[in-house]
Number of protein chains: 2
Amino acid sequence: MLSGKFAITIHILTLLNKFPNDYLSSEYIAGSINLNPVLVRKEIANLKAHNIVESKEGKNGGTKLAVDSSKLTLKEIFEMTFETIGLGYAKNQPNPDCPVGKNINQHLANLYADMNEKVSAQLQGISLEDFSNQF
Amino acid sequence: MLSGKFAITIHILTLLNKFPNDYLSSEYIAGSINLNPVLVRKEIANLKAHNIVESKEGKNGGTKLAVDSSKLTLKEIFEMTFETIGLGYAKNQPNPDCPVGKNINQHLANLYADMNEKVSAQLQGISLEDFSNQF
DNA sequence: CATACTGTAATAAAATATATTACAAATGTA
DNA sequence: TACATTTGTAATATATTTTATTACAGTATG
């Protein structure tokens, strides 16, 4: 799982949006991100699974947007790449015999859920087109 | 840098708040988090640097809160442990010769800055006491 | 003075992220 | 048809980051 999944995906989509009539190759995209093309293809596989892009194999193949960029919001991209936001959990399972240890993860989860709502509301208001138009 | 830094720190602080009159040892705290005591001491070092806790060396030593938990907000804890929230960046420096690559990180940073404001506003409204009282 | 702590550095191990290699299958084009 | 180019995907390797462990000097307590 790429840690920069969201960033990479939005980078890919911004490029695709800039060239809406072309099939861009993973190699070309990788050159802009400066990332291995195989990893680009992996993120594209994810986008394909969500029907955001379509791609064509073979010579002159590549990938292009399959949706209207004014309708695709950053919230959707976030959800496709990040599940959920938050400030993390301690890695090991806390001590279930301690009242704090037993419940901390649930309380953190509640806190993070609120956080997600706020962030989602923000991202919902920004389309790929909006984002792309900044460039 | 612990990835669960925030979670671990808030766990520590919640425990300290539950026993405001005792110096808790890193071993005891580590037992609740289920984390190596050395790492607990490292987070405590960070809290000490911010004057949130005080600790006592030697036998029967340990750490206790040095502030009023109703005055300490989760926002402050967030800032002490997490610098900033966001959805990440691609790891490698993007291609500066590409108009998208050249600017993407700045645009992402702007987006994340807005996100931080929203999250900070939320966390500002919750004190350590509030959080601790849930247990 | 023995014991139980903190503080911190150094090192090791584990987990995760990223890169590379390889190749089958698809497709355009000479 | 043969060739070049590209996707799709698996397998493996490398690098990076996290977490754990070990070690021990210094400090307070009884």
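Order of the sequence lines sets the chain letters (A, B, ...), proteins ahead of strands, with each chain counted from 1.
Protein atom CG of B:Asn46 is 15 Å distant from nucleotide atom C1' of C:dT8, rounded to whole Å. Rounded to an integer number of Å, the gap from CG of A:Leu47 to C1' of D:dG8 is 15 Å. Taking atom CD1 of residue A:Ile12 and atom P of nucleotide D:dT7, one finds them 12 Å apart after rounding to whole Å. When rounded to the nearest whole Å, the span between OH of B:Tyr28 and P of C:dA4 equals 19 Å. Look at CD on B:Glu43: it is 12 Å from C1' on D:dT18, rounded to the nearest Å. Summarising the geometry, the separation between CG on A:Asp22 and P on D:dT6 is reported as 13 Å, rounded to the nearest angstrom. Distance CG (B:Leu39) to P (C:dA10): 16 Å, rounded to an integer number of Å. Atoms NZ (A:Lys56) and C1' (D:dG8) sit 17 Å apart, rounded to a whole Å.
What you find for A:Met80 and A:Asn46 is that their closest heavy atoms are O-ND2, 3.0 Å.
Contact annotation: B:Asn92 reaches the phosphate of C:dA19 (side-chain N/O to OP1 or OP2, under 4.0 Å). Listed pair A:Lys48 / D:dG8 meets the phosphate criterion, a side-chain N or O lying under 4.0 Å from OP1 or OP2. The phosphate of D:dG8 (OP1 or OP2) has a side-chain N or O of A:Ser55 nearer than 4.0 angstrom. Distances shown here put a side-chain N or O of A:Ser26 below 4.0 Å from the OP1 or OP2 atom of D:dT7.
A:Asp130 and A:Ser127 share a donor-acceptor pair across their side chains, judged by distance under 3.5 Å alone.
The distance between the ring centers of A:Tyr89 and A:Tyr112 falls below 6.0 angstrom. Taking the ring centroids of B:Phe131 and B:Phe135, they lie under the 6.0 Å cut-off.
You'll find the side chain of B:Leu111 reaches within 4.5 Å of the side chain of A:Gln122, heavy atoms only.
Where A:Ala45 and B:Arg41 each meet DNA chain D at their nearest nucleotide, the meeting point lying more 5' is that of A:Ala45. Of the residues near DNA chain C, B:Leu24 and A:Pro37, the one whose nearest nucleotide (by heavy atom distance) lies more toward the 5' end is B:Leu24. Between B:Glu27 and B:Val38, the one whose closest nucleotide on DNA chain C sits nearer the 5' end is B:Glu27.
In terms of the side chain to side chain donor-acceptor pair (under 3.5 Å) criterion, residue partners of B:Ser26 (sequence neighbours excluded) are, by chain and number, B:Arg41.
If you check D:dA20, C:dT18, C:dG7 against the side chain of B:Lys91, the one that comes closest is C:dT18.
A side-chain donor-acceptor contact under 3.5 Å links A:Asn36 to the backbone of A:Val38.
Near DNA chain D, defined here as any heavy-atom distance below 4.0 Å, the residues from residues 57-68 of chain A are A:Glu57, A:Gly58, A:Lys59, A:Asn60, A:Gly61, A:Gly62, listed numerically.
Residue-level contact check: A:Lys42 touches neither bases nor backbone, having no heavy atom under 4.0 Å from any strand.
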